[in-house]
Amino acid sequence: MAVAQNLHVTQLGQGDRPVLALHCTIAHSGVWAGLAAAMKGQASFIAPDMLSHGRSPDWDRQGDLYDRLTEATLEHLTEPMDLIGHSFGAAIALRLAVEHPTLVRSVVLIEPVYFAVAQQDAPDLVAEYAHVAQPCMDALASGDEPLAARLFNRLWAGDRGPRWSDMPETARAGMVRGIHLVSEVENELIMDSKGLLRPERIAHANMPVLLLHGALTHPVMVAINSGLKSRLPMAESAVIEGAGHMAPISHPTETGALIEAFWNRLPATA
């Protein structure tokens, strides 16, 4: 049995609403600082670093990574909370909502990379994305993690993000450190090997859900959000204008406004 690995947690904001915030791959918990500030004190962010990210330990490569990350994150879901997840962090948030609904008051999923949805609904868009992502996956397969991290960052940040050469060395090193996780969760994200999309399972996530995507994102992300909206019992969706995949980092004010409006529509008990 794999030994539990504790995650480092960053606390952000001083609002009354406790929020568990889950970052994207090759980022860290500090990326939520802009969104927490934009929420103007409404929420207190509990933001863990994923294994092999930020100040958390390196994944020991024991067991199933998706299971290990979900279990480690669950340790911080200590009471009914609101979840916010971005990209792979949103895939973890989705699983928590399905498997532990009594601990989740509401969920905000920002561009969840749960490609299995689009694999069922729009496989042509998954194939299109896979073609674009192939150089990154080839670099990972060959063991060239610095190249894979650079390509992965460009794939998702696009031309609107900073150039690799302009980033601080510490930022680049952090991305290289975590990039190996990408290939470890392919089967879960693309094939739904955990069965989250089975109708009888996804129905457990019966709390209010907000699905967000950037207006300038890859079409496969739009298909994923549309498919989740049709499958989740209480889901709504919105678009972050002017943003791509990295919306909560690049457009925290616009993202925060949509989340606040969503929270304001929740029942008093949520």
Side-chain angles (χ1 to χ4, degrees), residues 6-57 69-70 72-97 103-113 152-153 156-157 160-162 167-168 170-171 174-175 177-178 181 209-214 217 221 238 240 242-264:
N6 295 326
L7 305 181
H8 171 80
V9 174
T10 300
Q11 305 274 352
L12 298 163
Q14 298 180 341
D16 294 333
R17 182 183 288 270
V19 173
L20 185 60
L22 309 177
H23 66 78
C24 62
T25 307
I26 70 170
H28 55 83
S29 56
V31 300
W32 294 110
L35 183 60
M39 306 304 281
K40 297 182 174 65
Q42 276 206 34
S44 293
F45 280 51
I46 300 161
D49 287 317
M50 273 193 276
L51 296 173
S52 296
H53 290 70
R55 296 172 64 183
S56 285
L69 289 172
T70 303
T73 304
L74 180 61
E75 294 294 317
H76 303 282
L77 197 58
T78 55
E79 60 180 305
M81 289 181 181
D82 302 280
L83 301 188
I84 300 177
H86 174 219
S87 195
F88 180 51
I92 296 173
L94 174 65
R95 186 172 179 185
L96 290 172
L103 291 174
V104 180
R105 299 193 307 180
S106 74
V107 189
V108 177
L109 302 177
I110 307 171
E111 302 229 353
V113 287
F152 188 83
N153 178 71
W156 289 111
R160 293 172 296 281
M167 295 179 189
T170 53
M175 293 182 182
R177 177 186 172 220
L181 271 61
V209 178
L210 174 63
L211 296 151
L212 295 176
H213 71 264
T217 196
M221 300 310 306
I240 305 166
H245 182 69
M246 305 305 292
I249 301 171
S250 64
H251 291 67
T253 300
E254 295 85 347
T255 304
L258 291 169
I259 294 173
E260 285 189 38
F262 168 65
W263 284 346
N264 290 337

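Enclosure of atom CG in Asp16 is not indicated, since only 12 or fewer non-hydrogen atoms of other residues, nucleotides or ligands lie within 6.0 angstrom. More than 12 heavy-atom neighbours from other residues, nucleotides or ligands sit within 6.0 angstrom of CD on Gln11.
Between Met221 and Trp156, some side-chain heavy-atom pair lies under the 4.5 Å cut-off. Taking 4.5 Å as the limit, some side-chain heavy atom of Pro248 sits within range of a side-chain heavy atom of Ile110.
To the nearest 0.5 angstrom, Ile259 atom CD1 is 10.5 Å from Gln42 atom CD. Taking CD1 of Ile84 as the reference point, atom CE of Met39 lies at 5.5 Å (rounded to 0.5 Å). Here the CG atom belonging to Leu7 is positioned 7.5 Å from the CG atom belonging to Leu69, to the nearest 0.5 angstrom. Separating the CG atom in Asp82 from the CZ atom in Phe45 is a distance of 10.0 Å, to the nearest 0.5 Å. Taken from CD1 in Ile46 to OG1 in Thr10, the straight-line distance is 11.5 Å, to the nearest 0.5 Å. To the nearest 0.5 Å, atom CD of residue Glu260 and atom OG1 of residue Thr255 are 11.5 Å apart.
Between Gly85 and Trp32 the shortest heavy-atom distance is C-CH2, 4.5 Å. Taking each heavy atom of Gly15 and Ser44 in turn, the nearest pair found is O-OG, 2.6 Å. Ala38 approaches Pro252 most closely through the heavy-atom pair CB-O, 3.6 Å. Between Val107 and Ala97 the shortest heavy-atom distance is CG2-CB, 3.9 Å. Taking both residues in full, the closest heavy atoms of Gly54 and His28 are given as CA-CB, 3.9 Å, listed atom of the first, atom of the second, then distance. For the residue pair Met81 and Pro18, the shortest heavy atom distance occurs at CB-O, 3.8 Å.
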For residues 20-27, tabulate all N or O donor-acceptor pairs below 3.5 Å that involve a side-chain atom, not counting sequence neighbours.
unit_1, atom_1, unit_2, atom_2, d
His23, NE2, Met50, N, 3.0

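There is a side-chain donor-acceptor pair under 3.5 Å between Ser87 and His245.
Checked by atom type and distance alone, the side chain of His53 pairs as donor or acceptor with a backbone atom of Leu51 at under 3.5 Å. The main-chain N or O of Ser29 is found under 3.5 Å from a side-chain atom of Asp49 such that the two form a donor-acceptor pair. Between the side chain of Thr70 and the main chain of Ile92, no donor-acceptor pair closer than 3.5 Å is present. His251 contributes no side-chain N or O that, together with a main-chain N or O of Ile240, makes up a donor-acceptor pair within less than 3.5 Å. For the pair Glu75 (side chain) and Asn6 (backbone), a donor-acceptor distance under 3.5 Å is absent.
In this structure Arg55 satisfies the side chain to side chain donor-acceptor pair (under 3.5 Å) test with no other residue, sequence neighbours excluded.
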CA sep, side-chain torsions, deciding dist, call: His86, Met246, side chain to side chain contact (heavy atoms under 4.5 Å, CB included): CA-CA 8 Å; His86 174 219; Met246 305 305 292; 3.9 Å; yes
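Paired with Leu109 under the rule side-chain contact (heavy atoms from CB on, under 4.5 Å), one option of Leu83, Val209, Leu212 passes, and it is Val209.
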